[in-house]
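In what follows, chains are A, B, ... by sequence order, proteins preceding strands, each numbered from 1.
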2 protein chains.
Amino acid sequence: MNIGEIASRAGVSRSTVSYALSGKRSVSDATRKRIQDVIDELGYRPNAAARALKEGRTRTIGLVIPPASRRLTHMQLGFVASVVEAAARADLDVLLSPSGGDHDRSFERLLSGGRVDGVILMEIRLEDSRVRRLQNAKLPFVGIGHTARAHEMCWIDVDYATVINQCVHHLADLGHTRIALVNRSVELMAAGYGPGHRARDGFTAALAQRGIQGIDLECGDDAAAGLVCATRLLREHPDVTAIATINEAALPGIQRGLEEAGLNVPGDFSITGVVGRTWAEEFRPPLTAADVPAQDIGTQAMDLLLERIADPTTPFRNILLAPPVSLRGSTGPVRAT
Amino acid sequence: MNIGEIASRAGVSRSTVSYALSGKRSVSDATRKRIQDVIDELGYRPNAAARALKEGRTRTIGLVIPPASRRLTHMQLGFVASVVEAAARADLDVLLSPSGGDHDRSFERLLSGGRVDGVILMEIRLEDSRVRRLQNAKLPFVGIGHTARAHEMCWIDVDYATVINQCVHHLADLGHTRIALVNRSVELMAAGYGPGHRARDGFTAALAQRGIQGIDLECGDDAAAGLVCATRLLREHPDVTAIATINEAALPGIQRGLEEAGLNVPGDFSITGVVGRTWAEEFRPPLTAADVPAQDIGTQAMDLLLERIADPTTPFRNILLAPPVSLRGSTGPVRAT
DNA sequence: GCTGATAGTCGAACCGATTCGGTAGACGGT
DNA sequence: ACCGTCTACCGAATCGGTTCGACTATCAGC
C-alpha cells in the first residue's frame with residue numbers, strides 16, 4: 001500500500017495526495033477529506049525510506065553509547081534518557097549504537113550514507129578515532145565529553161578536573177591530609193579516557209595547592225571492584241582518611257569495604273563522589289558529591305546537535321560544567337586520634 | 001557521492017558497482033579492484049534509505065521502552081542492554097521509542113511504513129492498545145511482558161505470580177506470619193500493568209495456601225517512595241515482619257526506612273525482591289531474591305523476533321520464566337518475641 | 001565450424017515518496 | 001472581451017540504490 005494506491009482510490013494524482021498530507025500547496029477541502037477517508041480506511045502510512053531518500057534526511061539521530069558489555073553508570077543513563085527525551089520532543093528518532101572500539105560494525109553503519117542526520121557521542125577518549133571518522137563522514141555530531149584537542153569538535157562535558165579539585169579542597173578543609181582518588185578502570189585509563197585523566201590532573205593540582213599527599217588508584221567499574229579497591233587501600237595505606245572518586249559504579253563496593261573494615265562514614269572516614277543528580281541521596285549516608293545535571297547535559301547536547309544539523313558551518317561550541325560539591329552526610333572532620 | 005559517481009570514475013555501469021559490492025553476480029577481479037579503489041579513495045558508503053526502499057526492509061528493529069520520565073529499573077536496563085547487544089550481533093540497528101501512552105508520536109513513527117522490520121515491546125499492560133496497533137500494522141513484534149490474552153502475541157515474561165508465591169512460601173517457612181507485598185506504583189497498577197497484577201495474584205494465593213495474612217501495598221517507583229512506604233507500613237502494621245517486593249526501584253528506600261526504624265535486616269525483619277541478576281549482591285545485606293536473567297530475556301526476545309521477521313506466519317511462542325529464589329542475607333527466621 | 005554454456009558487463013525498470021513546472025477553470029478588474 | 005491572478009490539480013523528474021533481461025566475448029565439446 002503506497003501513495004499511488006491512495007491516489008487512485010481517491011481519484012486524484014499522487015502529487016495531490018502528497019500535497020494534501022504536507023499542506024505545501026493548497027488542496028480543496030472536499031479532495032482533502034476524500035483522501036483522508038481513504039487513508040484512514042486503509043491505515044496508510046508513508047514509507048519512511050522513500051521519504052528519507054527524496055528529502056535527504058532521516059529525522060533520526062545516532063546515539064553512540066559504551067558497548068553493551070559495560071554497564072552504564074547512573075550518570076550515563078541520565079544522559080541517554082535525556083537525549084532520548086529531548087529527541088522525542090523534537091520529533092526525532094534515536095538510533096542506538098553500542099560501540100567503543102574503532103571497527104564496530106554498528107558504528108560503521110551509523111556513518112553510512114544518510115542513515116542518521118547527526119550523532120551524539122558518549123564516553124570519548126583523549127584520542128578517539130571515532131571523532132575523526134565522523135568528521136570525515138561530514139556528519140554533524142556533538143560529544144558528551146571531548147578529546148585532547150578541545151577546539152576540533154562541538155561538545156559538552158563535566159569539568160572533572162575542577163570538580164575533583166573542589167572535592168579535595170573540601171576534604172582538606174575538614175582536616176584530611178591523606179586522601180585517595182578512586183579513578184575509573186585500568187582499561188579505560190589506558191585507553192585515554194578523558195574524565196579519568198582530567199580528574200587525576202585536578203587531584204594532583206589540589207594536593208599540591210594544599211601541600212598534602214594522595215594515593216592515586218584505578219578501580220574497575222563495578223561494585224565488586226570497588227570492594228576490592230577499598231579493602232586494599234585500607235590495608236596498604238592505613239593512614240588514608242578520605243576518598244574522592246569519579247567512579248560511580250564502584251561506590252557501593254567502596255562503602256561496603258569501609259563498612260566491613262569497621263569504619264563509620266563520616267565519623268571515621270569521608271567519601272566524596274561525582275554522580276548523577278538525584279542519586280547522591282540514595283546512598284547511606286547520603287553522599288557528599290558534585291551533582292552532575294545529567295538531564296541538562298543530555299538536553300543541551302541535543303540542542304547543540306540540532307544547531308549543527310540546521311547549520312553545519314557554525315563554529316564549534318564547547319560547554320564545560322563544574323557543578324559545585326553539595327554537602328551531605330558522607331564527609332566530616334577528620335577523626336581526632 | 002552516489003553509486004553513479006563511483007561507476008563513472010571506475011569506468012563501469014552502476015549495476016556493476018552494485019554487483020561488485022554485493023557479490024550477487026560475478027565481476028572480474030580487475031574491475032572489482034578498480035571499483036574498490038575508487039570507493040576507498042572517496043570513502044563512499046551506499047545510501048541506507050535507497051537500499052531500504054528497494055529491498056523493502058531496513059535492518060533496524062524498534063525497541064519500545066517506558067517513557068523517559070520514568071527511570072528504568074536495573075532489570076529493564078538489563079533488557080535494553082541485552083537487546084541492543086543481541087541486535088548488534090545480528091547486524092541490526094535499534095531504534096529507541098520511549099512511549100507508554102497511546103498517541104505517542106514516536107510510537108506512531110515506528111508503525112509508519114517500513115521504518116523498522118520488527119519491534120520489541122516492553123512494559124506491557126494487561127490491556128495494551130499498542131499491541132493491537134502493531135498487529136494492525138502487520139509488524140512482527142515480540143513482547144517482554146504480555147497482555148491479558150496470552151495467545152494473541154509472541155512474548156517472553158517473568159512469571160511474577162510464581163516468583164512472588166515462592167517468596168511468600170520462603171518467608172512463611174522462616175516463620176513469618178505477617179507479610180507485606182510492596183507492589184509497583186498506583187499509576188501503573190491502575191493502568192493494568194501485568195507484572196503488578198500477577199504478583200498480587202501470586203501473593204494472595206500463597207497467603208491462602210499458608211493460612212497467613214498479608215498487606216498489599218502500592219509504592220512509587222523510586223527510593224523516596226520506598227522510604228515513605230516502608231515507614232508507613234511499620235507505623236500502621238507494626239506486626240509485619242517481612243516484605244516481598246517486585247519494586248526494584250523502591251528497594252533502597254525500603255531498606256533505609258527499616259534502618260531508620262532501628263530494625264536490623266535480617267535479624268528483625270526480612271526482605272525478598274525480584275531483581276536483575278548481579279544486582280542482588282550489591283545490597284547491604286545481599287538481597288534474597290528471584291534473580292531475573294535479564295540478559296537471557298533480552299537475547300531470547302531478539303531470537304523470537306528474528307524468527308518472526310523471517311517468517312511472520314509462525315505460530316506465536318510464549319516463554320514464561322520463574323527464576324528460583326536465591327537465598328542471601330536479607331531473610332532470616334522470624335525474631336522470637 | 002557450429003552449438004551451447006558461462007563469465008562479465010550494460011541499460012532500464014523499479015522501490016515510494018516529494019516537488020517543480022504547467023495548465024484548466026474561476027473570478028475580478030477595466 | 002481581455003488580461004492577470006488564484007486555486008486546484010496533474011504529469012514527470014528525481015532521490016540512490018537493486019535487479020532482471022539482454023548482449024558480447026570466450027571457450028569447450030563434437
Side-chain angles (χ1 to χ4, degrees), chain A residues 1-36 38-39 42-60 93 108-109 111-117 137-139, chain B residues 1-36 38-39 42-60 93 108-109 111-117 137-139:
Chain A
M1 172 172 30
N2 54 31
I3 200 172
E5 176 103 11
I6 305 299
S8 63
R9 294 214 192 201
V12 297
S13 74
R14 302 193 308 153
S15 52
T16 303
V17 176
S18 178
Y19 286 125
L21 286 174
S22 70
K24 295 191 179 177
R25 282 198 189 175
S26 56
V27 170
S28 73
D29 287 346
T31 306
R32 190 196 317 282
K33 177 167 186 340
R34 222 166 54 242
I35 292 173
Q36 192 58 52
V38 175
I39 287 177
L42 298 190
Y44 162 77
R45 292 168 182 286
N47 181 292
R51 175 176 295 178
L53 173 58
K54 180 61 176 135
E55 291 193 336
R57 58 171 180 164
T58 55
R59 299 169 191 276
T60 303
D93 286 319
E108 293 292 329
R109 288 196 297 269
L111 294 174
S112 105
R115 182 102 216 192
V116 294
D117 296 338
K138 302 219 190 323
L139 212 49
Chain B
M1 173 174 26
N2 54 30
I3 200 174
E5 175 104 11
I6 305 299
S8 64
R9 294 213 191 203
V12 296
S13 74
R14 303 194 307 150
S15 52
T16 302
V17 176
S18 180
Y19 287 125
L21 285 175
S22 70
K24 294 190 179 177
R25 279 198 192 177
S26 56
V27 170
S28 72
D29 288 345
T31 308
R32 189 198 315 284
K33 177 166 187 341
R34 222 166 55 241
I35 292 173
Q36 193 57 52
V38 176
I39 287 177
L42 298 189
Y44 163 76
R45 291 168 181 285
N47 181 292
R51 175 176 295 177
L53 173 58
K54 178 62 179 156
E55 291 193 339
R57 58 171 180 166
T58 55
R59 299 166 191 275
T60 303
D93 286 320
E108 293 291 331
R109 288 196 298 268
L111 294 175
S112 104
R115 182 103 216 192
V116 294
D117 296 338
K138 301 220 192 322
L139 213 50

Residue pairs passing the salt bridge (Lys or Arg N to Asp or Glu O under 4.0 Å) test where at least one lies in residues 20-33 of chain B, sequence neighbours excluded:
B/K33-B/D37
Per the under-4.0 Å heavy-atom filter, residues of residues 45-53 of chain A near DNA chain D come out as A/L53
Which residues share a side chain to side chain contact (heavy atoms under 4.5 Å, CB included) with A/T58, sequence neighbours left out
A/A52, A/T60, A/D117
Suppose the criterion is side chain to side chain donor-acceptor pair (under 3.5 Å): which pairs have a residue in residues 5-15 of chain B, not counting sequence neighbours?
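Pairs touching residues 5-15 of chain B that pass the test: B/E5-B/R9, B/S13-B/S15, B/S13-B/T16.
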Within residues 43-52 of chain A or reaching into it, pairs that qualify as side chain to side chain donor-acceptor pair (under 3.5 Å) - sequence neighbours excluded:
A/R45-B/E108
side-chain hydrogen bond (donor to acceptor under 3.5 Å, both in side chains) against A/Q36, all qualifying residues, sequence neighbours excluded:
A/D40
Would you mind reading off the bend of the helix from C/dG1-D/dC30 to C/dT30-D/dA1 from its two end axes, five pairs each, to 10 degrees?
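Overall, the helix from C/dG1-D/dC30 to C/dT30-D/dA1 bends by 50° from one end axis to the other.
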Go through residues 8-17 of chain B and report each residue with a non-hydrogen atom lying under 4.0 Å from DNA chain C, sorted by number.
B/G11, B/V12, B/S13, B/R14, B/S15, B/T16
Once you round it to whole Å, what is the distance between [atom2] of [N] and [atom1] of [X]?
| X | N | atom1 | atom2 | answer |
| --- | --- | --- | --- | --- |
| B/K24 | C/dA7 | NZ | P | 18 Å |
| B/L21 | C/dT9 | CG | P | 14 Å |
| A/I6 | C/dA17 | CD1 | C1' | 13 Å |
| A/E5 | C/dC15 | CD | C1' | 15 Å |
| B/K54 | C/dA13 | NZ | C1' | 8 Å |

Taking all non-hydrogen atoms of both residues, which atom of [X] and which atom of [Y] are closest, and how far apart?
| X | Y | value |
| --- | --- | --- |
| B/A137 | B/L111 | CB-CD2, 3.9 Å |
| B/L53 | A/A50 | CD1-CB, 3.8 Å |
| A/A20 | A/I35 | CB-CD1, 3.8 Å |
| A/R34 | A/G11 | NH2-O, 4.2 Å |
| A/V116 | A/L139 | O-CD1, 3.7 Å |

What are the 5'-most and 3'-most nucleotides of DNA chain D lying under 4.0 Å from any heavy atom of chain A?
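Taking any atom under 4.0 Å from a heavy atom of chain A, the span is D/dT7 to D/dG16.
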Using a 4.0 Å heavy-atom cut-off, does B/T31 contact any base of the nucleic acid, only the sugar-phosphate backbone, or nothing at all?
sugar-phosphate
Would you classify B/S18 as touching base, sugar-phosphate or nothing, given that sugar-phosphate means primed atoms plus P, OP1 and OP2, and contacts are heavy atoms under 4.0 Å?
base
C/dT6 OP1/OP2 closer than 4.0 Å to side-chain N/O of B/S26:
no
What does the list of N/O pairs under 3.5 Å between the protein and nucleotides 21-23 of chain C look like, with a distance for each?
{"residue": "C/dG21", "atom": "N7", "partner": "A/R25", "partner atom": "NH2", "Å": "3.1"}
{"residue": "C/dG21", "atom": "O6", "partner": "A/R25", "partner atom": "NH1", "Å": "2.3"}
{"residue": "C/dG21", "atom": "O6", "partner": "A/R25", "partner atom": "NH2", "Å": "3.3"}
{"residue": "C/dG22", "atom": "O6", "partner": "A/R25", "partner atom": "NH1", "Å": "3.3"}

Once rounded to the nearest 0.5 Å, what's the spacing between atom CD1 of A/I3 and atom CG of A/L21?
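Rounded to the nearest 0.5 Å, the CD1-CG separation comes out at 6.5 Å.
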